[in-house]
Amino acid sequence: MKDLPRSFNRLFILITLMALVFWAWAIYQTDWSLTNVIRLIIFGFLAVVSESLPVSLPKGGYVTVSYAVFICGVILFPVGVSLSVAAIGGLFVCGKEVRGEPFYKRVFNASQFVVSLGAACLVLRITRISFSIAPVTIIIYLAAAFSYMLTNMTVVAIALGSLQGKSPWLIWIENIRWSIPNFMSLAPLGLLMALVYRNDGELGLFLLFIPLFISRHAFQLYIEMRENYLNTVEALVQALEAKDTYTSGHSSRVGKLAVTMGEAMAMSEEKIVFLKYAAVLHDVGKIGVSETILNKEEKLLDSEWEAIRSHPVIGQTIIKGIKFLFDIGLVVRHHHERYDGKGYPDGIPGEEIPLESRIIAIADTYDAITSDRSYRQGSTHDEAIQELQRVAGSQLDPELVELFCKVVTNELVQKVSTDQAQKT
Ligand SMILES: [Fe+2]
């Protein structure tokens with residue numbers, strides 16, 4: 001832990017001490033009858049299994065169902081049992097995801113589970129409710145689960161912020177996106193678990209966990225399938241860039257520029273992913289065009305232009321075959337349409353051209369102007385902006401060009417000032 005930032009070490013000590021105090025107090029408060037010891041063994045085991053079978057998310061991080069196990073414990077059992085279940089879940093987690101990880105991570109995780117569950121316990125203690133499924137009681141259970149989630153998110157955001165040198169507030173805001181659906185699905189599951197365990201004991205709990213683990217397996221397969229799609233996309237782009245030596249890196253640069261535009265337009269995460277795939281794949285149809293034509297430096301013959309102009313339609317045909325990318329085909333087909341309707345392959349004008357195609361057309365043009373070719377050096381950013389503004393309204397969507405120029409210029413200014421700050 002010597003290499004870790006001092007702010008993280010301070011947080012680690014604070015959270016661990018808080019957890020130890022809570023835990024010791026909870027153990028002291030609890031009547032350790034045989035029933036409570038058996039509950040601790042069963043739920044401690046469930047917590048370890050749940051923590052050890054996480055599902056990795058595409059953008060990093062993972063989810064587990066241990067949150068539901070903890071909430072069930074806090075609803076049903078004395079505070080000493082429920083906090084011990086959380087501590088066991090954090091300390092004895094096993095599996096490939098945690099193999100080789102330093103021990104302090106387990107201690108920190110276990111501590112933040114105990115502190116977060118302590119917050120949930122506090123809500124239940126203040127309201128002094130007994131277990132039932134009356135509407136008011138359910139609201140209080142959800143409030144307890146919510147206070148667990150808020151405490152957990154806050155501690156994790158501060159920890160990640162100090163480890164990565166980022167703003168904890170920004171991490172917190174970013175995490176809300178996945179924490180809310182997590183809460184919506186797992187908090188009621190915790191309540192359901194409590195009901196089943198109260199009515200049907202261990203057998204009921206066992207029967208409930210079977211479909212839960214099957215769902216987990218299905219979700220894991222879905223995540224893996226998405227990764228495979230992404231690998232397919234990357235393989236297609238690599239095949240393309242191996243053919244056309246002068247456009248190496250073009251697709252990924254257009255992808256990045258398109259994502260910047262999507263973010264500036266406050267598109268949903270799903271739409272941005274769609275736009276990114278379409279942008280990265282926009283020229284995939286060039287696979288169907290002869291290398292001699294693609295790499296020709298002299299003036300092209302009419303028939304050769306014709307071959308090059310066929311690449312959007314070829315691209316759409318290739319993409320149509322991949323179910324996941326089916327909708328992207330149309331965007332790829334229209335990325336050479338012009339705003340004035342004089343483009344190809346269909347000559348459709350203005351907003352008849354899909355929005356994503358219009359964005360990609362701008363990013364494509366900008367990257368083509370600023371990139372080096374064997375026969376000429378790439379233009380500067382300012383020259384490219386001038387050129388984009390010149391063709392706005394005829395070739396490109398004028399409103400989108402205006403936004404693009406603003407966003408890309410800002411990004412460049414930021415990059416330059418960051419580079420300068422790093423040098424000094
Ligand atoms: Fe193209």
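Note that ligands are numbered from 1 as they come in the structure, with each ligand's atoms numbered from 1 the same way. All residue numbers refer to positions in the sequence shown, counting from 1.
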Next item on the list: Among the N/O/S atoms of D283, select the one at the shortest distance from the Fe ion (ligand 1) and name it.
Entry: OD1
Check: Do F113 and Y67 have their ring centres less than 6.0 Å from each other?
Finding: no
Next item on the list: Establish, yes or no, whether a centroid distance under 6.0 Å links the rings of F43 and Y197.
Entry: yes
Notebook entry, point to check: Would the number of heavy atoms belonging to other residues, nucleotides or ligands and lying under 6.0 Å from CD of E402 be above 12?
Noted result: no
Checklist line | Presence of N, O or S from H336 under 2.8 Å of the Fe ion (ligand 1) | finding: yes
Next item on the list: Using 2.8 Å as a strict upper limit, say whether an N, O or S atom of D364 approaches the Fe ion (ligand 1) that closely.
Entry: no
Check: So among L400, V254, T260, L257, which one has a side-chain contact (heavy atoms from CB on, under 4.5 Å) with I359?
Finding: L400
